[in-house]
Amino acid sequence: VLERTKLPSSHLFAASFAIFAQSIPSEEQLTSHHLAELLAHDDYRLYAYHSNSDVYAFALVYAPAGKDFAWLDYMAVRSDMRGRGIGSKLFQEVVNVTRGERPNAEWLLLEVDDDRNGPKETQRTNRMRIRFYKRLGVRLLSNVPYYFPSPTGRRVPMRLMAYQLRQGAGLSLQFV
């Protein structure tokens, strides 16, 4: 079951944050306090994927009202539950919920750690993540340099990807 949680005091928040802390590289992490502040705004949604309150995975989505996009900020599956199709199911649930809650959104955008930098093992892991999203229909944007604005101050190179939420949606880059 996919369930949205807003309350930092809830079991779903705590279990989701534990997966977040274990799965997301430290230079890309938010504090639990910062995450709680984001959830105070309707545009941020934390979803726990669980069965009988046992949380398997989570997703954090930024879905601003009235905009033509949503942003999958973070998504992770608990390490002991990986390889069971949970990530694919979670992604599809997030797509379905986003389509329903934000009917103007045409694209679900996300970032993945760059597979062209760092040690070979890191590159291999990042290529696997990109292939995972591609299997789900997410497109890798090329020639779009992007750096994650890390809270540590270190810019982290990332790759941008996009999933079409609405038939016929166009994607163009605008420079300001």
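Quick note: numbers below take in every heavy atom, side chains included, and nothing from hydrogens, waters or symmetry partners.
F132 and V112 end up in the same hydrophobic cluster when Ile, Leu, Val, Met, Phe, Trp and Tyr side chains are linked at under 4.5 Å. Residues L7 and Y47 fall into different hydrophobic clusters, defined by Ile, Leu, Val, Met, Phe, Trp and Tyr side chains chained together at heavy-atom separations under 4.5 Å. I24 and I130 sit in two unconnected hydrophobic clusters of ILVMFWY residues. Membership requires side-chain heavy atoms under 4.5 Å apart, directly or through other members. Follow the hydrophobic side-chain contacts under 4.5 Å out from F13 and you never reach V77; the two are in separate clusters. One hydrophobic cluster, built from ILVMFWY side chains closer than 4.5 Å, holds both Y49 and L108.
Looking at R139, its side chain never comes within 3.5 Å of a backbone N or O of A162 through a donor-acceptor pair. For Q29 (side chain) and A21 (main-chain N/O), a donor-acceptor pair under 3.5 Å exists by modelled atom type. In this structure, S16 contributes its side chain and L12 its backbone to a donor-acceptor pair below 3.5 Å. Without hydrogens or angle criteria, W107 side chain to R166 main chain gives no donor-acceptor distance under 3.5 Å. The backbone N or O of Y146 lies less than 3.5 Å from no partner atom in the side chain of R155, so there is not a single donor-acceptor pair. Using modelled atom types, no side-chain atom of E106 and backbone atom of F69 make a donor-acceptor pair closer than 3.5 Å.
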| task | Please report the C-alpha distance between F58 and F17 in whole Å, then the side-chain angles of each, then the deciding distance to 0.1 Å, and finally whether the ring-ring contact (aromatic ring centres under 6.0 Å, His included) criterion is met. | result | CA-CA 8 Å; F58 83 95; F17 192 79; 8.6 Å; no
| said: Determine whether S51 and V1 satisfy the following criterion, side-chain contact (heavy atoms from CB on, under 4.5 Å), listing intermediate values before the conclusion. | reply: CA-CA 6 Å; S51 175; V1 173; over 6 Å; no
| query | After noting the C-alpha distance and the side-chain angles of K6 and L46, does the key distance pass the side-chain contact (heavy atoms from CB on, under 4.5 Å) rule? | reply | CA-CA 7 Å; K6 292 182 180 183; L46 178 64; over 6 Å; no
| request: Would you sort out whether D43 and R102 count as a side-chain contact (heavy atoms from CB on, under 4.5 Å), showing the intermediate values? | output: CA-CA 10 Å; D43 291 347; R102 293 297 193 243; 3.6 Å; yes
| request: In sequence, state the C-alpha distance, the side-chain angles, and the governing distance for Y56 and K89, and then conclude on side-chain contact (heavy atoms from CB on, under 4.5 Å). | output: CA-CA 11 Å; Y56 301 140; K89 291 175 188 170; over 6 Å; no
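Using a 4.0 Å cut-off between charged nitrogen and carboxylate oxygen, D54 and R78 count as a salt-bridge pair. Between R129 and D114 there is no salt bridge, since no side-chain nitrogen of the basic residue lies less than 4.0 Å from a carboxylate oxygen of the acidic one. Ionic pairing of D115 and R131 is not present here: no N-O contact between side-chain nitrogen and carboxylate oxygen is shorter than 4.0 angstrom. A salt bridge does not link R124 to D113: none of the charged nitrogens lies less than 4.0 Å from a carboxylate oxygen.
In this structure, H50 and V55 approach most closely via the heavy-atom pair CB-CA, 3.7 Å. Among all heavy-atom pairs drawn from L165 and R99, the shortest one is O-NE, 2.8 Å. The two residues R159 and R116 come nearest to each other via the heavy atoms CD-NH2, 3.1 Å. Of all the heavy atoms in S23 and R82, the pair that sits closest is OG-NH2, 2.9 Å. For the pair L2 and V94, the tightest heavy-atom approach, listed with the atom from each and the gap, is CD2-N, 4.2 Å. Across all non-hydrogen atoms, the minimal contact from L90 to A57 is CD2-CB, 3.6 Å.
The closest side-chain heavy-atom distance from Y147 to V156 is not below 4.5 Å. Considering only heavy atoms from C-beta on, L30 comes within 4.5 Å of L38 through its side chain. In this structure, L35 and S32 have side chains that are not in contact, with every pair of non-hydrogen atoms separated by 4.5 Å or more. K67 places none of its side-chain heavy atoms less than 4.5 Å from the side chain of N104. Contact annotation: the side chain of W71 never approaches that of V61 to less than 4.5 Å [non-hydrogen atoms, C-beta and beyond].
Annotation: F20 is in aromatic contact with Y74 [ring centroid separation under 6.0 Å].
Ring-plane geometry between F91 and Y163 is classed as perpendicular, the angle between the planes exceeding 60 degrees on a 0 to 90 degree scale with a lower cut at 30.
Under the rule for a side chain to side chain donor-acceptor pair (under 3.5 Å), R135 has no partner lying at least two apart in sequence or in another chain.
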